[in-house]
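In what follows, a single structure is set out as structure tokens and then discussed.
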Amino acid sequence: MKILMVVESLRDGGKQRRLVELLRVFSAEGNHRVLVLFLKKDVHFNEIYDLPGIEFCFLNRKFRSDPRVFF
């Protein structure tokens, strides 16, 4: 199964910790291809880079509600 997750950043917080735990589960199962799309390059959970089967992509925005990200 292919999964795309779009997240602004992975700073300290509850939602971000839950996303990291979900990525760990997907990585452990091994039958999912996951792409995490970050809208800011602000990652406080560096251990996610070591998870196998998880890809990461960073997009830069000019301002918060920049619609050009989706093009």
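Counting from 1, the numbers follow the sequence of the chain as shown.
Rounding to the nearest 0.5 Å gives a distance of 13.5 Å between CG of Leu10 and NZ of Lys41. The line from NZ of Lys2 to CD of Glu55 is 10.0 Å long, rounded to the nearest 0.5 Å. With rounding to the nearest 0.5 Å, the separation of CG in Leu23 from CD1 in Ile3 is 9.0 Å. For the atom pair Asn31 CG and Phe26 CZ, the distance stands at 9.5 Å (nearest 0.5 Å). A distance of 9.0 Å separates CD in Glu8 from NZ in Lys15, rounded to the nearest 0.5 Å. Interatomic distance, NE2 of His44 versus CD of Gln16, reported as 9.5 Å (0.5 Å rounding).
With salt bridges taken as basic N to acidic carboxylate O contacts below 4.0 Å, none links Arg18 and Glu21.
Linking ILVMFWY residues whenever their side-chain heavy atoms come closer than 4.5 Å, directly or via other members, leaves Leu39 and Met5 in distinct clusters. Hydrophobic clustering (ILVMFWY, side-chain heavy atoms < 4.5 Å, transitive): Leu35 and Tyr49 are in distinct clusters. Linking Ile, Leu, Val, Met, Phe, Trp and Tyr residues whenever their side-chain heavy atoms come within less than 4.5 Å leaves Ile54 and Leu4 in two separate clusters. Clustering ILVMFWY residues whenever any of their side-chain heavy atoms sit less than 4.5 angstrom apart, transitively, puts Val7 in the very cluster that holds Phe45. By the criterion of side-chain heavy atoms lying less than 4.5 angstrom apart, applied directly or through intervening Ile, Leu, Val, Met, Phe, Trp or Tyr residues, Leu22 is grouped together with Val43 in one hydrophobic cluster.
When all heavy atoms of Arg11 and Asp42 are compared, the closest pair comes out as CD-OD2, 2.8 Å.
Between the Ser27 side chain and the Pro52 main chain, a donor and an acceptor come within less than 3.5 Å of each other.
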